[in-house]
Amino acid sequence: MGTLLLDGVSKRYGEAVAVDRVDLDIRQGELVALLGPSGCGKTTTLRMVAGFIEPTAGRVVIGGRDVTRLPPYARDTGMVFQSYALFPHMSVADNVGFGLEMRKVARAERDRRVAEALRLVRLDALADRLPRQLSGGQQQRVALARALVVSPAVFLLDEPLSNLDAKLRAEVGLEIRELQKRLGLTTLMVTHDQDEALAMADRLVVMEHGRVLQVGTAEDLYERPANTFVAGFVGRCNLLPGAREGADVFRLTSGAAVPCAPDAAAPGGLLAIRPERIEVAPDPAGAGRLRAMTYLGGRTEYHLDLAGEAIVAVSPTPLPDDPRRRLNAGDPVRITWIPDAARVIPTADAASVTPTPEKSPAR
Amino acid sequence: MFALILPAVLVVAALLVGPMVLLARISLNQYSATQLMIEATTAQNYLNAVADPYYRGVMLTTLVMAFICTALTLALGFPAAYRLARMESRWKSLVTVLTLIPLLVGNVVRAAGWLGLLGNDGLINATLRGLGLTSEPLRLVYTPGAVAVGTIAVVLPYMILTLSSVIESIPRAVEEAAANLGASAFTVFRRVVWPLALPGTVAGCVLVFILCMNTYATAVLLGGSQFKMMAPAVYDQFSKGMNWPFGAALAFILLAATLVLTVLGTALLGRRYAR
């Protein structure tokens, strides 16, 4: 088993910097997700760990061994590809057995471990099928089994859920997470889907333009985003420009004074507040105005206007006799939140790296 | 649907099937030194061709030549096709065009070029003499080797283009998956690329084999008078020998041999990995 260390890993293509000095330390049995929009360098980083791309600078260390200059086949990583990349001309069992065959595991032992891996992903009945005879979800489980069966030092997942339909996604995500925990696999995952990352990872690494913006647990990123990019990328967030006026008062550029969390380190910039932390109530004397209300079944979205600033609020849909159910567009409303729910983020930091104090992930 | 393919069907029927039927009929006629040919229904021409050691030799030369050229073309073409298929840069279209350019030059012109290079007063021999390395010209042209080189140069682009389109259809990630599981570059080739490219490889080889079996200009110009392949032999019967029935019979023997071998090859190789 193993650990994974990235030490100042960079990839340049001529002038363009795809990955810029990424440092990352993944502990034994930890699942870390690289999260970011397409082109942020997360896939390039993963491929440098697998050995498909050679870094222009920095070191990749797996289980204490520097593998930076080693070819992919000598690295002992097990990768699940976004497209699954099953061998179309081999049966399910042969696909799963391929890595063991490469490691010169004897036939009997190989058959035993292939059967065990297929049982683990509940595909033992389909061992003789060809990949094209399987559904997408089944193909993915073959890809998982194929990577798991060799007991790799590091398990790599490239957008593992992106090719599944929405219904399967959450279920498979949990399944992978459970398997990963049970087998104690050190795992690096790449995704552009924040829900996927929040649900599966012990720690998340938010990347943009090849740089790491913040590393932390789901809670760190959601409750204490280091900058506006993280605030906007992980979950939805209202970002209101203005400046701190008192310990817990923030003056919006548009003039209104609103409550904010006291934090001496952040004098001004943007006020970040999550939609679900905002309370909306009908109030003829309220400072806000309802522009539109969207009924989404279990929850309702309120599109609000506060002194010229557009604000989105979300709350569980109120009961039928609640006065909020009778709100109409244009009605005056009272918009409130507790001070701790609103954090001030300096504006000029969008690209700067502000590491969150490392916290041990909940086990 | 039918209306769309009708013109092509008519053209093929009129220009290919028609003459072939006519040729088949001629091959059953009797040769006459005075009357061109005599109407008949006899297999004598086929029997004569098969029985004659000279034509058996010509057939053997043609087969050996076609097999060797196809094998060498595959060996030369596969790495080039792989490289071309895996190119990602803007040079890819340029390289594709460069691969196609030789097809713009006719076989005769190209054979003439080889003569200029390999001939007794050609570039190579002139250089060697000029450097004082040889006094007598090396016999490079009018050899089976010269014909093989000339033929391979003609058919290589067909092989490369056929193979590269097949290799392109093999996802890169499948190769990477094999490497990730511990396969060296050679093992990735042997266990993944080769079996997945096999149907295209068979198609490319069949195409090239047919072209090699029917080599004419290259065989005549680079092989000289001592070297004889089937296509020139057929032509000789029609133009010099004026023995149309015998020429037609030779043509059908060549056609049959090519057909049988390509069908056999496709069936045997194609089945190996088809499941």
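Proximity to chain A is absent for every atom of B/Arg172, based on heavy atoms less than 4.5 angstrom apart. With a threshold of 4.5 angstrom between heavy atoms, A/Ser83 approaches chain B through side-chain atoms but not through N, CA, C or O. With a threshold of 4.5 angstrom between heavy atoms, B/Ser184 approaches chain A through its backbone and through its side chain. Only the side chain of A/Arg47 comes within contact range of chain B, judged by heavy atoms closer than 4.5 Å.
Crowding of A/Glu109 atom CD: a count of heavy atoms from other residues, nucleotides or ligands under 6.0 Å exceeding 12. Within a 6.0 Å radius of CZ in A/Arg12, no more than 12 heavy atoms belonging to other residues, nucleotides or ligands are found.
Heavy-atom minimum distance, A/Phe52 versus B/Ala179: CE2-CB, 4.4 Å.
A donor-acceptor contact shorter than 3.5 Å is absent between the side chain of B/Asn180 and the backbone of A/Tyr73.
For A/Glu171, there are no side chain to side chain donor-acceptor pair (under 3.5 Å) partners at least two apart in sequence or on another chain. For B/Glu175, the side chain to side chain donor-acceptor pair (under 3.5 Å) test picks out B/Tyr82, B/Arg86, with sequence neighbours left out. Residues that satisfy the side-chain contact (heavy atoms from CB on, under 4.5 Å) test with A/Ala201, not counting sequence neighbours, are A/Leu31, A/Ala33, A/Leu204.
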Are A/Phe87 and B/Leu181 close enough, and set up right, to give a side chain to side chain contact (heavy atoms under 4.5 Å, CB included), and what steps lead you there? CA-CA 12 Å; A/Phe87 307 126; B/Leu181 289 164; 4.1 Å; yes
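Rounded to the nearest 0.5 angstrom, A/Asp94 CG and B/Arg191 CZ are separated by 7.5 Å.
At a heavy-atom cut-off of under 4.5 Å, chain B is reached by A/Phe98, A/Gly99, A/Glu101, A/Met102, A/Arg103 from residues 95-108 of chain A, listed in order of number.
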